[in-house]
Amino acid sequence: MKLVVTVLARDEADVIDAHVSFHLNAGADFVVATDNNSQDGTTEILRRYEREGVVRLIQEPAEGLRQGEWVTRMARLAAAELGADWVINADADEFWWPRGGSLKDVLSAVPKRYGVVEAFWRTFVPRPDDDRLFAERMTARLTQQAPINDPSSFYRPVTKVAHRADAAVVVGRGNHALVDSALLPLRTWHPVEVLHFPLRSYAQWRRKVELQGVAFTEHIERAGTGYHLRGYDALQEGRMEEQHASLVVDDAALERGLAGGTLAEDTRLRDALRGLRTDDGFASRRPLTFEAPTVADDATYAVEAAALSEADVVRVERRIDALEQRLRTLERPFARNPSR
Amino acid sequence: MTLRARDEADIVDAQIAFHLNAGVDVVVAIDHSSTDGTGEILESYARQGYLHLIREDAVEMHEGEWATRMSRLAATELQADWIIPSDADEFWWPRGGSLKEVLASIPERYGIVRALLRQFVPRPDDGTFFAERMTARVATSAPINDPTSLFRPNLKSIHRADPGVTLSAGAHTLRDTSLVPMRGWYPIEFLHYPIRSYAQCERKYRNLQSSLGTRRNSYYEDVHRALEQGTFRELYESLVIDDEALERGLADGSLVHDTRLRDVLRSLRSAQNGGYTLEGIGFPRPTVVDEAAYAVDVAALGEADVVRVQRRLDELEQRVAAVEGGLLQRIARRFSR
């Protein structure tokens, strides 16, 4: 069984070294990376892994953040040229954490008829920046006792997909699903958690908002989603620092969250990365071991993962609302009973 | 904001001042036969240009009809973008910035935002202002299944302006509307103070005796009986949460301490004349920690209900079948000509 991780990166120097090292040691055989015009040292880090023969680097000079297209290209390459059995389409700020064994063990256990595994996105909250590595500071994670269904929040419960390699696959925007795929998704079992660190420092957040803002205003026809727009509005109005501060969870809020159970202390990534540190970065071959969860861990996890289904029901309800409105306009002229 | 008020002099000044500070541009109010000074308070806001006043002297209250009339007026004559259908004892609390900021951030495809009820419990009356005393509310997680209970979890709809809008009898929802509700999330809470003192409560229920007409549920039947039989004082006392009950409720999690309104109203009090200032309130933007705790509250409403989804799909299927049938009939008619 061969596992390939793909990653699309643009200016992710604060996280990309840890990202590649982690996945190579968590069970991935190989990483395909697309570097989209990075200016901050990301390219050099990826080149180092490329020289070691563990990364295939694609340079993508185009603007416009055509994520779906570029991720699809990598996923197909993994299937067609690299002989992958499974492909994980990751973002640079994600760490795919197997619940026991390794990523390879977990995916090998999936019955043949299923081709897609939905990994549970676990978002870590931003913490004050004291220049240490993000994983040293960001050790609090949202527990999701209940779904945050605010359509403009980036804390909505979502899944990301890993799929059996397919040379004709189309990966949907955001890597949340495949498009028109015959691969059958395995629902409600989430054997992989995606530890997600979207907001790590002021500089990183600002850069991200700038890049997405340019992409949405100059290159992409659809509007950005709520939190993109809020960030971009703040950037244009010169309120970026204030906006960033409003997102950061300070010590008082952390304490409240931990006491109330909405946040959990989660040092798994920090501890794993400490073990992978080298003098000048992170090791490419120092395999990690992932302890199998206890029954108590599994129970806690099941409760949190239930928020995914609840959020899905709300999404279905919203789709029904939209359908009802479309139907109303059809009913007017065609209904048998015009009084309706 | 539209406002229906009858004898609410102990709260209506604070209510209007709060909302003008919270982001409401103008109030449309119906004064229903008030005799306690409510009319004068409304008039003073009208004179300052903040309020459009309508007087209504009908015996029966037609809440939905009146809310509809005010909402249409706001849409047509006042060029409103969003409308909050309010009662005098409701305070609409934005989760972030101001009411305007929250509503401006709603994705365009949604025309209805539902607000989450926060029901404040009656506390012993020592003659002080209601917001100073009433600082405990019912937790949404408290298991109250009685559909006639004042304290059950509830939602109320705020909507985009629409000249053809019709509100339901209790003005809580919209009828037969093309506006789409945003489901599963409630970026505004409404803090509700229905029972504030014995005098206010007795007057309110005496008024309702005539104005409700025959539309009484079992709760109002009990109230009606108590008024008729002279046992209203006991009924009122049974609703009031004394210190001991408060302590118990806070300890078992059925009540929550909530001083938000008290604190805001204190900050709006003018030092000079004791009235309210209109300088605006900056509502705190909730952190992710607050939002996560709120999500737990919201989940208690049981909005994520697969059974209801299935019922809605059944209904949709029937409606699609009816449209298909109508379409076939048309085609058949055309061919038979």
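Keep in mind it's a predicted model, so treat the numbers as computed, not measured. Below, each value reflects all heavy atoms present in this structure, side chains not excepted, and no hydrogens, waters or symmetry copies. We name chains A, B, ... by the order of the sequence lines, and we start the count at 1 in each one.
When A/Leu323, A/Val314, A/Thr262, A/Asp150 are compared by the number of non-hydrogen pairs under 4.5 Å with chain B, A/Asp150 comes out ahead. Interface summary for chain B: among A/Val313, A/Val249, A/Asp321, the most heavy-atom pairs under 4.5 angstrom belong to A/Asp321. Heavy-atom pairs under 4.5 Å with chain B peak, among A/Glu324, A/Gln144, A/Glu317, at A/Glu317. Of the listed residues (A/Asn149, A/Leu254, A/Asp312), the one with the most heavy-atom contacts under 4.5 Å to chain B is A/Asn149. Counting heavy-atom pairs closer than 4.5 Å to chain A, the top-ranked of the candidates B/Leu313, B/Val288, B/Leu328, B/Val296 is B/Val288.
The main-chain N or O of A/Arg200 is found under 3.5 Å from a side-chain atom of A/Gln204 such that the two form a donor-acceptor pair. Distance alone, capped at 3.5 Å, places no donor-acceptor pair between the B/Glu189 side chain and the B/Arg118 backbone. At least one donor-acceptor pair under 3.5 Å links the side chain of A/His190 to the backbone N or O of A/Glu118. Looking only at distances, a side-chain donor or acceptor of A/Thr300 sits under 3.5 Å from a matching main-chain atom of A/Ala296. With hydrogens and angles disregarded, a donor-acceptor distance shorter than 3.5 Å links the side chain of B/His172 to the backbone of B/Leu155. Within the 3.5 Å criterion, the main-chain N or O of B/Ser254 finds a donor-acceptor partner in the side chain of B/Asp252. Side chain of B/Arg72 to main chain of B/Val165: a donor-acceptor pair is present (N/O by atom type, distance under 3.5 Å, no hydrogens or angles).
Heavy atoms of A/Ile320 lying under 4.5 Å from chain B belong to its backbone as well as its side chain. Interface remark: A/Ile148 contributes backbone and side-chain atoms alike to the contact with chain B (heavy atom separation under 4.5 Å). With a 4.5 angstrom heavy-atom cutoff, B/Tyr294 does not touch chain A via any of its atoms. Only the side chain of B/Pro107 comes within less than 4.5 Å of a heavy atom of chain A; its backbone N, CA, C and O stay farther away. Using a 4.5 Å cut-off between heavy atoms, B/Ile106 does not touch chain A at all. Contacts of B/Pro181 with chain A are made by both backbone and side-chain atoms, with heavy-atom separations under 4.5 Å. Residue B/Ser105 touches chain A through its side chain alone, counting heavy-atom pairs closer than 4.5 Å. B/Val298 does not touch chain A: none of its heavy atoms, backbone or side chain, sits under 4.5 Å away.
Remark: A/Arg268 is positioned above the aromatic ring of A/Trp97, its terminal NZ or CZ atom under 6.0 angstrom from the ring centre and at most 45 degrees off the axis.
In this structure, A/Phe120 and A/Tyr301 have tilted ring planes: the angle between them lies in the 30° to 60° band.
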